[in-house]
Amino acid sequence: MSLDKEIKRRKTFGIISHPDAGKTTLTEKLLLFGGAIQEAGAVKSNKIKKSATSDFMEIERQRGISVATSVLAFEYKGLKINILDTPGHKDFAEDTFRTLTAVDSVIVVIDVAKGVEEQTEKLVEVCRMRRIPIIVFINKLDREGKDAFDLLDEIEQKLQLSVTPLSFPIGMGYDFKGIYNIWEKNVNLFGGDSRKNIEETIQIENIEDVQLDQIVGARAASALRENLELVHEVYPDFDQHAYLDSTLHPVFFGSALNNFGVRELLDAFIAIAPEPKPKESSTRVVRPIEDKFSGFVFKIHANMDPKHRDRLAFVKIVSGTFERNTPYWHVRSGKKMKFSSPNAFFAEKKEIVDISYPGDIVGLHDTGNFKIGDTLTEGEDMEYKGIPSFSPEHFKYINNADPMKSKQLEKGIDQLMDEGVAQLFTLDLNGRKVIGTVGALQFEVIQYRLEHEYGAKCSYEPLNVFKACWIEPSDPKNTEYADFKRVKSKFLARDKSGQQVFFADSAFTLQMTQQNYPSIKFHFVSEFN
Ligand code: G4P
């Protein structure tokens with residue numbers, strides 16, 4: 001098959017949600033439809049169970065499982081679907097943000113009773129920033145929940161998305177009768193008492209058809225007609241360009257657990273979701289159809305076996321074909337590298353592949369050469385942008401607890417930071433090292449891994465920092481910036497790449513500093529050019 005055809009048949013996307021909204025269940029149902037798994041319950045999710053939040057060893061064990069579910073690929077109606085799994089646990093939010101740099105679209109799962117939750121807001125904000133096309137799936141319609149219009153309002157307001165429903169529920173919870181599919185113009189009836197299956201799908205070309213009254217009852221039919229009229233008046237018609245442009249977002253209703261509305265979601269998804277897209281690099285926009293291979297590392301997973309420090313680097317292919325045993329150019333180090341056993345992912349298995357195409361993810365064994373954000377090419381000197389670090393939420397000084405092992409400690413910290421476990425800052429004033437993390441859990445993970453994988457010991461000391469901001473002066477030579485650097489010298493640090501960072505100890509300090517130094521920009525993300 002030609003490169004063009006291979007690209008056109010690929011859809012690479014992520015499913016995001018607040019924990020417990022149903023991401024794992026939906027993923028599993030999509031795999032069932034794709035025939036990639038045979039029974040429900042087969043997917044050991046990347047999900048970190050709530051009960052395990054205080055037990056990080058258990059979390060590490062579960063993270064091991066997540067290697068297998070990092071990418072779940074399957075074939076459906078002649079298309080190759082790649083689902084990139086994202087951890088729901090908020091302490092691993094940064095992993096999710098990075099995975100979002102490798103998807104071409106997302107499906108957001110929302111619990112009908114809980115509506116838009118905190119984690120959904122954060123993740124959707126990142127998608128909005130990147131203009132990723134979003135489909136919303138409102139889940140758990142078999143339970144009592146919020147009114148459909150209220151939910152649509154909530155999504156528009158809290159997530160700042162303009163939406164258009166492509167399906168609409170008929171009743172809810174105990175009265176849930178089924179779903180009218182605006183996209184396919186049919187009614188899916190929810191199965192009788194067992195509530196486990198779709199009883200039948202009935203084509204209703206015209207909503208005024210009396211057949212509808214016979215199927216769902218006169219009251220439900222007339223309520224549905226009113227609701228659909230309102231939908232028509234209030235929401236724009238679906239427009240694929242607007243969806244691909246990320247200015248209009250279709251909404252589907254269903255119940256992942258009961259397989260309800262899932263096939264409809266998948267069929268609409270394959271009809272509208274984008275194929276692999278061009279990507280901007282430091283020098284130019286690279287198109288998937290170009291013959292020369294290029295790709296970037298968006299995730300690094302450490303091996304769970306402490307005796308072997310090898311890691312798996314996940315590379316998203318942007319252009320051309322990636323071939324086994326072919327030398328590629330590692331742009332940051334300026335070295336050629338060859339991979340004899342690149343892994344591709346199928347449902348829950350990984351296999352060695354000879355050739356992969358744009359949109360695909362390959363897992364490359366790495367002994368410490370890769371860093372998140374690295375670019376591979378066939379020789380071209382360009383780097384993909386767009387894997388920013390976000391301001392951490394927790395900060396601690398890190399000290400060497402075993403002076404005989406300072407080399408090991410340095411190497412360990414270096415590699416863990418390359419993996420993106422946390423961020424390292426060095427204070428300008430005294431060169432002390434500070435670790436910043438998104439979740440409190442990572443401190444324990446770092447300490448444990450330094451000891452078990454690198455034979456080094458560390459201790460922490462508290463540090464009161466509210467946010468780390470990347471600093472951009474309008475003119476590095478002006479007196480305002482010089483004044484800022486003098487007054488705030490105790491709070492200035494460098495990140496790993498040498499960028500200047502300001503540690504604000506409270507929201508108030510941050511606000512005052514912003515007011516006092518209007519010519520300086522304070523960024524909460526490391527990439528701002
Ligand atoms: P997550 O990955 O987003 O965290 O959510 P997950 O799929 O694990 O689902 C969270 C809980 O919600 C699970 O129940 C799951 O069975 C349930 N669920 C998912 N979809 C639906 C639905 O359509 N209707 C209803 N009623 N429940 C749904 P649990 O009891 O927490 O876990 P489990 O023991 O069933 O795995």
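Just so we're clear, the structure is a prediction, and the values are computed from it rather than from any experiment.
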Tell me, please, which residues at least two apart from [X] pass side-chain contact (heavy atoms from CB on, under 4.5 Å).
X    : result
E383 : S282, V331, R332, T375
Q500 : D428, I471, Y481, K485, L492, R494
R432 : Y397, N399, L427, N430, E461

Consider only side-chain N and O atoms of [X] and [Y], and report whether a donor and an acceptor are under 3.5 Å apart.
X    : Y    : result
Y454 : Q415 : yes
T509 : D505 : yes
S294 : T377 : no
D374 : H330 : yes

Here's a test for you: under side-chain contact (heavy atoms from CB on, under 4.5 Å), which of D402, L409, N400 qualifies with K457? D402
With sequence neighbours excluded, tell me which residues meet side-chain hydrogen bond (donor to acceptor under 3.5 Å, both in side chains) with S356. none
Less than 4.0 Å between a side-chain N and a carboxylate O, is that true for [Y] and [X]?
X    : Y    : answer
K496 : D418 : yes
E118 : K158 : no
E121 : R128 : no
E290 : R284 : yes

Less than 6.0 angstrom separating the ring centers of F13 and F269, yes or no? yes
Is the ring centre of F97 less than 6.0 Å from the ring centre of F390? yes
For the residue pair [X] and [Y], what are the closest heavy atoms and their distance?
X    : Y    : value
F395 : K467 : CZ-C, 4.2 Å
E480 : N516 : OE2-O, 4.4 Å
E419 : I300 : CG-CG2, 3.5 Å
V106 : I16  : CG2-CD1, 4.4 Å
G320 : P358 : O-CD, 3.0 Å
S341 : I352 : CB-CD1, 3.5 Å

Nearest 0.5 Å please: distance from the [atom1] atom of [X] over to the [atom2] atom of [Y].
X    : Y    : atom1 : atom2 : answer
L84  : F298 : CG    : CZ    : 5.0 Å
I81  : T12  : CD1   : OG1   : 9.0 Å
K521 : E472 : NZ    : CD    : 5.0 Å

For the CG atom on D291, are there more than 12 heavy atoms of other groups (residues, nucleotides or ligands in this structure) within a distance under 6.0 Å? no
Are there more than 12 heavy atoms of other residues, nucleotides or ligands under 6.0 Å from atom NZ of K80? yes
For the residue pair [X] and [Y], categorise the inter-ring angle as parallel (less than 30°), tilted (30 to 60°) or perpendicular (more than 60°).
X    : Y    : value
F296 : Y384 : tilted
F484 : F522 : perpendicular
Y76  : F74  : perpendicular

Stepwise side-chain contact (heavy atoms from CB on, under 4.5 Å) test for L416 and R449: CA-CA 9 Å; L416 293 183; R449 288 191 54 195; 3.4 Å; yes
Evaluate side-chain contact (heavy atoms from CB on, under 4.5 Å) for L364 paired with L312, printing each intermediate quantity in order. CA-CA 5 Å; L364 305 178; L312 203 58; 5.9 Å; no
[X] versus [Y]: any side-chain heavy-atom pair under 4.5 Å?
X    : Y    : result
K488 : T513 : yes
P288 : K277 : no
D111 : D20  : no
Y357 : R10  : yes

Show every ring pair (Phe, Tyr, Trp, His ring centres under 6.0 Å) that has at least one partner inside residues 421-447, sequence neighbours left out. F425-F503, F443-Y460
What pairs with Y328 under ring-ring contact (aromatic ring centres under 6.0 Å, His included), at least two apart in sequence or on another chain? F293, F322
D104 vs K316, test: salt bridge (Lys or Arg N to Asp or Glu O under 4.0 Å). Steps then yes/no. CA-CA 11 Å; D104 295 307; K316 161 98 186 266; 3.5 Å; yes
Trace of the side-chain contact (heavy atoms from CB on, under 4.5 Å) decision for V108 with L123: CA-CA 9 Å; V108 179; L123 294 170; over 6 Å; no
Does any N or O in the side chain of [X] come within less than 3.5 Å of the main-chain N or O of [Y], such that one atom is a donor and the other an acceptor?
X    : Y    : value
S246 : I132 : yes
N82  : G359 : yes
R287 : V318 : no
R131 : C127 : no
T426 : K433 : no
K338 : T326 : no
T101 : T99  : no

Could you walk me through whether D85 and V71 satisfy the side-chain contact (heavy atoms from CB on, under 4.5 Å) test, starting with their C-alpha distance in whole Å, then the side-chain angles of each, then the deciding distance to 0.1 Å, before giving a yes or no? CA-CA 6 Å; D85 199 5; V71 185; over 6 Å; no
